[in-house]
Structures are given as structure tokens and as C-alpha cells.
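Note sheet for the following structure.
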Amino acid sequence: MIIIEEILINSALKAIESLYGEKISPEKIQIQRTRKEFSGDYTLVVFPLLVASKKNPEQTGNEIGEFLKNDLNFISEYNIFKGFLNISFTEIFWIDILRGIIETNNFGFKKQDEKSKRIVVEYSSPNTNKPLHLGHIRNNFLGWSASEILKANGFDVIKVNLINDRGIHICKSMLAWEMFANGETPQIANMKGDHYVGNYYVMFDKEYKKEISELMNKGMSEKEAADNSELMKKAQNMLKKWERGNEKVREVWKMMNDWVYSGFDETYKSMGINFDKIYYESETYLKGKEIVMNGLLTGELKQKPDGTVYIDLTEYGMDEKVLLRADGTSVYMTQDLGTVVDRYNDYQFDETIYVVGNEQDYHFKVLSIVLDRLEYSWSNKLTHLSYGMVELPEGKMKSREGTVVDADDLIFEMIKTAKETAEELGKLEGFSEEEKNEIYRKIALGALKFFILKVDAKKNMTFNPKESIDFNGNTGPFVQYTYVRIKSILLKAKELGIVDYKEFHNTKQSEIENSLIKNIYLFAETIAEAGSKRNPAVIANYVYELAKEFNRFYHEMPILKEDDRNIKNFRISLADKTGIVIKDALSLLGIEVPERM
RNA sequence: GGUCUCGUAGCUCAGUUGGAUAGAGCAACAGCCUUCUAAGCUGUGGGUCGAAGGUUCGAAUCCUUCCGGGAUCACCA
């Protein structure tokens, strides 16, 4: 596949040298796509070149334009407007571009090979004390999509999940269950395991608050009450037992975690998310302790009189960071150290990406520094794909106020809405219930994923669950619908016995057809850009633009009704390829396409 | 308070390494289905790009200050 910008830049460099006898750096040549209001395909900005030409923008543009036109046979004409040299390409050129794309398998995707760099992407990373919510949804969609985009850029990507399955928060759920459940199970309660366990976590919190306020009524301060809470003591005691390997505690722990996992599995499945490898904190935190103890021996880490192990980061403008508590138990950082070392030993990655919210920016900065100080040569291979929070119209989600949007509920609501909309439009008659449900699911998930992913990952975003999500306009279903339209045309073409539509020769296309080819051509650059920025929004915005452009074409141009056989073949091919790119682009977002909707 | 981050139409968001008259969708209004799926297309209205300076041929974009929101600075994860 030829790279248009590269050819133009090279030719422009030649032009400057031959016209003005100056060699300039390629960065001075600015090529961009011509904006819609002007005529042309690509535009050269001439301002930066005036230093070389020592002439006014008009003259310079004209001279360079003339040179380019003579140098490159695919330039049909050019015009200059206020220092912008707009260049148009011949119709044959665009036809050739399209043909090249049609003949390329997996256009836009780079192949993996032995030399591919390996990237381990960690995402999802739930705690096992409560079900997944809207925040996790953004994380999961981002992690999945970023992984797919990196694969498309030729990286060897491994998706991992780190489950935080131990700690005081799990003990709280366990304690509440032991106290109040009377041996009940999710099966008996007829509930998803993660929701079931989450209820006991909430129950603990309620009981704890009750106890605190009772103690405060007896005259204690809030802090005294917290220190004297029997419930909290019990939970802490349970954690200690867990760390010592107490069989009974471990048994309850394993049972409840298994309930949660089966719940998570269901949610992951409905989201269309999976992993190549799952790490459990309970299996890596000891490794972290070991690493910290070694650091103490080499003198990089220090110990306080009370036994606390910490690292002094004041030279980096940060504080001291504790890595082991005085009682020897580990903290979050300890655990992450263990996990990443394990992970490096498992995969020898060239990079590992943490898909984690931006509230942990500081944590990951520290993690890299600690690894560096402990002399891990790969400490600079960690990157943090930091994303913004999802807020509700009323503000932050707060579990205490019950404003958390549950992942399962949300997906269920989306599917319901998709079903209602489809029934209203009445387009799925003749399908079995099973087929219909599959279509509703694809549309619902498509709407949700597109809505979340089209927003720049690093920005905070607002999500309004009440207005649910639109299925019109800049949405997943709009793009899916465009795909379905194309499928419908191809099906009809087949019915009409048109099978050789890939055979077409040069034809005079309209502006809209050329524009569509240009958009398709941009897919390859878009994948590269999304990869280097690690940003699925780039793909989402691209595919929306492509779909919009196709709908304009679809509306303005007859396809199957075109009489001229050659033109008809060309248009069917154009539609076909657009459909393939839409499907591929959506797949990078984790969105499936229905064949009808 | 220190550090980081965001502020673009009524709402939700785009806007490339600084480039042309700042764009979409939703909502509002007006058109388009006996013709390839109207979850579509076309049009109208809607802006002091938070504010003020600066850098330059040129600033939503870079710098400074200020205003406003958020995050973080835990022996929580």
C-alpha cells in the first residue's frame, strides 16, 4: 500500500531544493487532508516554506504546485488559497487506491511475527467483595479495546487480570456472612454470587456504623469508637488468621470467592471480555514481601525502629513510602511489586500496561521508581493507561448513597431498550426468539461500548443512565445499522446473480465516492494512531465518520439500480469494502455487528 | 497548602506535531419513505473555545497569571 503523504513530502522536498536551492528538514513540510469546504484532496501548508523561497505565499504555492504536478502523474490540478496549496488527485488514482485496498487482506492490520514486541495489558482487576459497576465497565472496555488495537499494530499482546482476592475488605464480607447467613448460599438465595457477597459487605458496613454510633453515644470520640469496634477487631483477627493459613477461615474464603468468580464470569461473558491469564493477589503478595525483604538486605530500603519498612523518595520530591507494616503485613504497593515481578518472569514483556483509573497516577509513578531503585532493569517498561472517572449527572457515584450503577443491571436495561426499539420499528419479523435476542444483545452492547469508548480515555465522562443511551446519531447502533445496510445490498446483489462485482475498470467517480475511498484509505493510519496513543476513541470517531460518509453516498447514488455495469460493480465493491472496514473497526472496540437489524 | 488534570453550542463530546470561516450528535424547528432497511438523509437556528496577558505570519492548541471543577499527596485498595 502506498503512503500518500510520504510521496508528497518527498516530492515537495525535491521541489524546494530544485526551485530555491535549499535543503530543508522534512518536518517543515506539512501535509494535511484538505478541509471539506475547499476543493482538493491533500493540502500543503506553504507558510513554513517562505523562509526558503523568499517569496510571497501565492507565488511560492504556485511554483511548488507546478513542480508537484509535473513530478507526480496522479496530480490532476491544484489551487492556492491564502497560503494553502490544495492538491487534487486524478480519478484513476483513487480507483487504484481502492483496488489496492481490496486486494489487501486485513487492510490496516499489521501482522505479528517473531520480532513483535510483547505487551502485557493488565485490566479489570476487581476486588472480590462486590459486583462490578459502571467504573469497571469503562476499565474493561478500554482494556479489551486497547489490547485489540495493539494486536492490530502487530504487537504480541497478552491480556491479564489481577484479582484482588485477599485483604480486610474480603474479611468483612466473610464475617458478615458467618454472623447472619445461617449457612445460606447464593443458590438458595437465587442470586448471582458476586451480588450475594456484595450484600454481606454492605451489611458489615451497616452493622459497623451502628456499633460506632452506639459507642459514640456512650461518650467515645469517633476515633476511640473505631479503635474499640468489636466488629472491626473481629475482621482484623480474621485477616490475621487468613495470613497464618487457618484452615477454617481459608475454607470460607475460598467458598465465597468462588461464588464471586462465577458471578464475574457471567458478567465478563455478557460484556464480551476475556483474559489470557488471571493472577490472584493471594498468590503474589508473598513474592512482594520477599522482594521488600531483599531490598532491605541490599540497603535500598530502610526500616524504622518499630519494624516498618519504607523507601525514602524525598529526592524525587515525594514522601517516604511504606512497603511493609510494622506487624509485617503487606500493603498495596508490596503486592503490586510481587505481581509485576512474577509477570516479568512469566512473559519477559517489552512493556506492561496498567489500565487503571487516574486516581492512581501517583501509585504507578512510585511503583516504577521503587523497581528502579531495587535495580530491576525493566523498571522503565511499565506504563499506566490512566483513564478518567465516570460520573453521573448528579456527580460521583457513591456506594454509601446507593448511586452506584451496577454493571449487570445496566447491561440488562440496555438490552431491554434495544428490544423495545426494535419491536417498535418492527424490522425483525421472521426471526426466531433466539436470533432476535442475539441481535438485541449486539445492539445493546454496541451502544454501550461505543458510548464509553468514543470519549477520550484520559478524560472524565458523564453517563446518564436515565436517558439510557441513544440509538441514533453518533452511536454504536448507527454504525451497526450502516453495516447492515451494506449487507443487505450485497445480499440483493447475490440474489440478482451479480457475483463478479470486483471487476471494474476506471470510471469517473463523483466527489462523494472519492471521499468514501479516502475515508477507507485512512483506516490504516487510524489504527496506527490509535495504537500509538493507546486510545480507542480514535477508532470510534473514525468509524462514525466513515459510516456517515457511506450513508451520504448511499442516499445520493444508486448502487444496484445503476445501469452501467462497470459503475455498478465499482459501487458494490465500494460498499463491500466499506462494510469490511466498519466491521473490522468495530471489532477493535469489542463491538459485534448483526447481519440485520 | 504542594503536585497533576480538566474547562469548546442548552446537554454529551470531536477538534492531528500550532494552520483556512471552531465541528458532530442529542434536544428544537422545517423538509424527504409506491424506488437498494427512515436506527437513515437534507436544511435552519444555536459559540467571547472559563478570563486576561504573552510568544508569531497564524493560538481552542504553546507560556504566564487568575477563576472554576476534579484527582492525589494513607501503615485503604
Side-chain angles (χ1 to χ4, degrees), chain A residues 27 30 32-38 43 45-48 50 57 81-84 86 125 127 129 164 167-169 281 304 306-310 317-327 329-336 357-363 365 386 388-389 391 393 395-396 418 421-422 424-425 427 443 447 451 454-456 458-464 467 470-482 484-493 496 525 529 533 537-538 540-541 544-545 547-548 551-552 554-562 571-572 575 596-597:
Chain A
E27 294 89 69
Q30 292 180 37
Q32 49 194 251
R33 271 163 283 136
T34 303
R35 297 177 57 144
K36 275 200 176 110
E37 318 83 272
F38 304 95
T43 293
V45 186
V46 302
F47 294 109
L50 302 182
F81 188 83
K82 288 188 181 170
F84 293 87
N86 300 319
S125 312
N127 293 351
N129 61 330
N164 183 359
I168 191 75
H169 46 291
E281 184 188 327
K304 291 185 178 173
D306 68 358
T308 305
V309 182
Y310 68 100
M318 299 170 178
D319 288 328
E320 293 172 350
K321 183 75 193 176
V322 169
L323 299 175
L324 278 183
R325 296 188 186 103
D327 67 2
T329 56
S330 65
V331 296
Y332 181 35
M333 188 61 75
T334 324
Q335 175 262 117
D336 252 0
N358 61 13
E359 72 267 13
Q360 291 188 33
D361 287 354
Y362 182 76
H363 172 79
K365 224 179 265 174
S386 167
M389 315 183 3
E391 286 168 4
K396 282 180 70 173
T421 309
E424 212 172 286
L425 294 168
K427 290 191 182 179
I443 294 170
F451 186 88
K454 76 175 175 183
V455 180
D456 191 341
K458 65 172 182 284
K459 290 191 176 174
N460 290 355
M461 66 178 294
T462 310
F463 184 90
N464 189 339
E467 291 176 10
D470 232 309
F471 290 179
N472 304 317
N474 189 351
T475 66
F478 169 86
V479 181
Q480 288 171 320
Y481 177 71
T482 308
V484 167
R485 276 183 148 176
I486 292 169
K487 278 318 231 194
S488 175
I489 290 170
L490 295 177
L491 192 69
K492 280 231 160 84
L496 293 169
E525 296 176 19
E529 191 192 340
K533 287 184 175 169
V538 172
N541 291 325
Y544 169 65
E545 206 57 49
K548 213 164 56 147
N551 279 315
R552 199 157 72 88
Y554 177 87
H555 189 259
E556 285 180 20
M557 298 278 158
I559 300 171
L560 296 173
K561 286 177 190 134
E562 170 61 41
R571 288 185 186 156
I572 297 172
R596 274 189 61 180
M597 67 185 273

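All heavy atoms count here, side chains included; hydrogens, waters and symmetry mates do not. So you know, we letter chains A, B, ... as the sequences are listed, proteins then strands, and number each from 1.
Each of Glu281(A) and Lys561(A) lies near RNA chain B, and the nucleotide nearest Lys561(A) is the one positioned closer to the 5' end.
Among G40(B), A20(B), U12(B), the nucleotide with an atom closest to any side-chain atom of Phe81(A) is A20(B). Residue Gln30(A) places its side chain closer to G19(B) than to any other of C13(B), U37(B), G19(B).
Between A27(B) and U72(B), the distance separating the two C1' atoms is 37 Å to the nearest Å. With C1' as the reference atom, C6(B) and U42(B) are 36 Å apart, rounded to whole Å. Comparing C11(B) with A28(B), their C1' atoms sit 13 Å apart, to the nearest whole Å. Only the P atoms considered, A14(B) is 24 Å distant from U21(B), to the nearest whole Å. Rounded to whole Å, the P atom of A74(B) lies 28 Å from the corresponding atom of G7(B). Comparing the same atom, P, in G40(B) and in C4(B) gives a spacing of 44 Å after rounding to whole Å. Comparing the same atom, P, in A22(B) and in A51(B) gives a spacing of 16 Å after rounding to whole Å. Nucleotides A20(B) and A59(B), compared at atom C1', are 14 Å apart to the nearest Å.
No contact: Ala493(A) has no heavy atom under 4.0 Å from any strand. Backbone-only engagement by Arg552(A) is indicated by non-hydrogen atom pairs under 4.0 Å involving sugar-phosphate atoms exclusively. Using a 4.0 Å heavy-atom cutoff across all strands shown, Thr475(A) reaches no nucleic acid atom at all. Among the atoms of the strands shown, none is found under 4.0 Å from any heavy atom of Asn464(A). The residue Arg571(A) sits apart from the nucleic acid: no heavy atom pair falls under 4.0 Å. When heavy atoms are screened at a 4.0 angstrom cut-off, Met597(A) is found touching base atoms of the nucleic acid. Among the protein residues, Asn129(A) comes within range of no part of the nucleic acid, since none of its heavy atoms lies under 4.0 Å from any strand. In this structure, Val484(A) reaches the bases: a heavy-atom distance under 4.0 Å links it to at least one base atom across the strands shown. Within the nucleic acid shown, Tyr554(A) comes within 4.0 Å of at least one base atom, counting heavy atoms only. Using a 4.0 Å heavy-atom distance criterion, Asp327(A) is classed as making no nucleic acid contact. Residue-level contact check: Ile443(A) touches the bases, meaning some heavy atom is under 4.0 Å from a base atom. Using a 4.0 Å heavy-atom criterion, one finds that Met557(A) contacts the bases of the nucleic acid, with or without backbone contacts as well. Arg35(A) comes within 4.0 angstrom of a base, heavy atoms only. When heavy atoms are screened at a 4.0 angstrom cut-off, Thr308(A) is found touching base atoms of the nucleic acid.
Looking at Arg325(A), its side chain does come within 3.5 Å of a backbone N or O of Ser330(A) through a donor-acceptor pair. Of the possible donor and acceptor atoms, none in the side chain of Thr462(A) sits under 3.5 Å from a partner among the backbone N and O of Pro393(A). Using modelled atom types, no side-chain atom of Lys454(A) and backbone atom of Tyr544(A) make a donor-acceptor pair closer than 3.5 Å. A distance-only check finds no donor-acceptor pair linking the side chain of Asp336(A) to the backbone of Tyr332(A) [under 3.5 Å]. Asn460(A) places a side-chain N or O within donor-acceptor distance of the main-chain N or O of Met389(A), the cut-off being under 3.5 Å. Judged by distance alone, with hydrogens and angles left aside, the side-chain atoms of Asp327(A) form a donor-acceptor pair with the main-chain N or O of Thr329(A) at under 3.5 Å.
Remark: C29(B) base-pairs with G43(B); criterion is Watson-Crick or G-U wobble with both hydrogen-bond distances under 3.5 Å. Here U48(B) sits opposite no nucleotide as a Watson-Crick or G-U wobble pair (both hydrogen-bonding atom distances under 3.5 Å). Across the strands present, G19(B) finds its partner in C57(B); the criterion is a Watson-Crick or G-U wobble pair with both atom distances under 3.5 angstrom. With a cut-off of 3.5 Å on both pairing distances, the Watson-Crick or G-U wobble partner of U12(B) is A24(B). The nucleotide G68(B) finds its pairing partner in C6(B), both defining distances of the Watson-Crick or G-U wobble pair being shorter than 3.5 Å. The partner of U37(B) cannot be assigned: no Watson-Crick or G-U wobble pair with both contacts below 3.5 Å exists in any strand.
Here Phe47(A) packs flat against the base of G19(B); its ring centre is closer than 5.5 angstrom to the base's six-membered ring, tilted by less than 30 degrees. By the stacking rule of 5.5 Å between ring centres and under 30° between planes, Phe84(A) does not stack on the base of G19(B).
If you check distances only, the side chain of Asn86(A) does reach the base of A20(B) with a donor-acceptor pair under 3.5 Å.
Using a 4.0 Å cut-off between a side-chain N of Lys or Arg and a carboxylate O of Asp or Glu, Lys304(A) and Glu320(A) qualify as a salt bridge.
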Q. What string of B, S and - do you get for nucleotides 3-11 of chain B, 5' to 3', if B is base contact, S is sugar-phosphate-only contact and - is no contact with any protein heavy atom under 4.0 Å?
A. ----S----
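Between Ser386(A) and Asp361(A), the side chains place a donor N or O and an acceptor N or O closer than 3.5 Å (distance only, hydrogens not considered).
Lys492(A) has a side-chain polar atom (N or O) that falls below the 4.0 Å cut-off from OP1 or OP2 of U37(B).
The side-chain heavy atoms of Phe463(A) and Phe451(A), taken from C-beta on, include a pair separated by under 4.5 Å.
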